[in-house]
> 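The following block contains the structure, expressed as structure tokens.
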Amino acid sequence: MQGLTIRDATVDDAAVCAAIYGHYVRATPATFELEPPSAEEVGRRITSYGSSHAWLVAEVDGVVTGFAYGTRFAERPAYRWSCEVSVYLDPERLGGGSGTALYDALLARLLGRGFQVAYAKVSQPNDASNALHAKFGFERVGLLRRVGFKLGAWHDVAILQRDLVPPTPAPAEPT
Ligand SMILES: CC(C)(COP(=O)(O)OP(=O)(O)OC[C@H]1O[C@@H](n2cnc3c(N)ncnc32)[C@H](O)[C@@H]1OP(=O)(O)O)[C@@H](O)C(=O)NCCC(=O)NCCS
């Protein structure tokens with residue numbers, strides 16, 4: 001997409017990220033949050049995930065059109081080389097390549113920080129998300145059946161996995 005850039009988010013991006021994400025919280029099962037988080041809360045997530053993993057935004061002509069982030073897959077320490085990734089675009093900007101550009105940058109960043117495996121939990125159905133993850137080599141390694149109830153329906157969640165590096169016998173600490 002012409003004029004598309006990817007950069008690290010700052011807390012100044014919190015309001016627009018909260019507005020984009022809030023749409024998916026209110027109107028879709030793409031996320032299982034039920035109450036849109038405030039801009040302050042999204043700002044806290046940008047700072048926290050940005051410092052431990054990554055929070056990137058896509059920008060077109062100076063306007064933020066979407067974001068992607070990595071965060072811990074799970075809290076317990078042996079999980080620390082595994083991360084969970086997620087991506088949300090302004091609903092007016094779907095299908096234009098921003099998801100691909102964000103994941104290109106995000107997965108490279110996570111690899112550079114020493115993470116070994118990326119996971120995505122994708123509530124079903126979600127053809128666009130399934131296609132984006134497949135494009136980046138994520139494979140379905142599990143399906144949680146009927147694990148979430150939102151907007152009047154039960155939803156399965158596919159667990160998708162992409163190895164960022166081949167298995168390493170003595171992995172260095174993520175930085
Ligand atoms: C998922 C999402 C980030 C994809 O971003 P995008 O910019 O629309 O995707 P891209 O244009 O980069 O396309 C990536 C691939 O997915 C395919 N794709 C995109 N939308 C699709 C759709 N609705 N159905 C099927 N395939 C689709 C594209 O054809 C492309 O594959 P190709 O390069 O082999 O042709 C975006 O649709 C989105 O924000 N969806 C709503 C939020 C969401 O569900 N997030 C995921 C939470 S797990």
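Hydrogens, waters and symmetry mates are skipped; everything else that's a heavy atom, side chains included, is used. Start at 1 and go down the list; that is how both ligands and their atoms are numbered.
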> Going by the order shown, which atoms of ligand 1 are within less than 4.0 Å of some heavy atom of L94?
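With L94 as reference, the close atoms of ligand 1 come out as 8 (O), 36 (C), 37 (O), 38 (C), 39 (O), 40 (N).
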> Is it true that Q116 and T168 share a donor-acceptor pair across their side chains at a distance under 3.5 Å?
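The answer is yes; a qualifying pair exists.
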> Quick check: do Y88 and C17 have side-chain heavy atoms less than 4.5 Å from each other?
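No, every pair of side-chain atoms sits at 4.5 Å or beyond.
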> For atom 46 (C) of ligand 1, state which one of L89, V85, V87 supplies the nearest heavy atom.
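Heavy atom nearest to atom 46 (C) of ligand 1 belongs to V87.
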> When you look for heavy atoms under 4.0 Å from ligand 1, do you find them on the side chain of T28, its backbone, both, or neither?
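T28 to ligand 1: no contact under 4.0 Å from either part.
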> Do we get K135 above Y103's six-membered ring, with its NZ or CZ under 6.0 Å from the centre and within 45° of the axis?
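No, K135 does not lie over the aromatic ring of Y103.
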> Relative to atom 22 (C) of ligand 1, which among S98, S129, A128 owns the nearest non-hydrogen atom?
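Closest candidate by heavy-atom distance is A128.
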> By the salt bridge (Lys or Arg N to Asp or Glu O under 4.0 Å) test, which pairs, at least two apart or in different chains, include something from residues 9-35?
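Listed once each, the pairs are R7-D13, E33-R45.
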> What atoms of ligand 1 come closer than 4.0 angstrom to any heavy atom of T100?
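Reading through ligand 1 atom by atom, the close ones are 10 (P), 12 (O), 13 (O), 14 (C).
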> Enumerate donor-acceptor pairs with a distance under 3.5 Å from any side-chain N or O in residues 138-149 to protein atoms, sequence neighbours excluded.
none

> Go through ligand 1 atom by atom and flag the ones less than 4.0 Å from a non-hydrogen atom of G97.
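Here the atoms of ligand 1 in question are 7 (O), 10 (P), 11 (O), 12 (O).
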> For the 3.5 Å polar cut-off, considering only N or O atoms, please tell me whether Y88 and ligand 1 meet it.
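No; the residue has no nitrogen or oxygen that sits under 3.5 Å from a nitrogen or oxygen of the ligand.
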> Could you find the nearest protein heavy atom to atom 15 (C) of ligand 1 and give me its residue, atom name and distance?
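So the nearest neighbour among protein heavy atoms is K135 CD, 4.0 Å.
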> How far apart are the C-alpha atoms of S82 and Y119, what are their side-chain angles, what is the distance that settles it, and do they pass the side chain to side chain donor-acceptor pair (under 3.5 Å) test?
CA-CA 7 Å; S82 298; Y119 291 92; 4.7 Å; no
> Pull out every atom of ligand 1 sitting under 4.0 Å from any heavy atom of L132, numbered as shown with elements.
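Those qualifying, in numeric order: 14 (C), 16 (O).
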> Any non-hydrogen side-chain atom of V157 less than 4.5 Å from a side-chain atom of V122?
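Not touching, per the 4.5 Å side-chain cut-off.
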> Closer than 4.0 angstrom, basic N to acidic O: yes or no for E84 and R72?
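Salt bridge flag = no for R72 with E84.
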> For atom 26 (N) of ligand 1, which of P91, A131, S86 has the closest heavy atom?
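Heavy atom nearest to atom 26 (N) of ligand 1 belongs to A131.
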> Please could you name the atoms of ligand 1 that G95 approaches to less than 4.0 Å, counting only its heavy atoms?
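By the 4.0 Å cutoff, the relevant atoms are 6 (P), 7 (O), 8 (O), 11 (O).
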> N126 heavy atoms, cut-off 4.0 Å: which ligand 1 atoms fall inside?
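Heavy-atom distances to N126 below 4.0 Å select 43 (C), 44 (O).
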> Give the atom numbers and elements of ligand 1 that come within less than 4.0 Å of a heavy atom of A30.
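This gives 44 (O) as the contact atoms.
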> Looking only at distance, does G99 have an N or O less than 3.5 Å from an N or O of ligand 1?
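Checking ligand 1 against G99, an N or O pair does fall under 3.5 Å apart.
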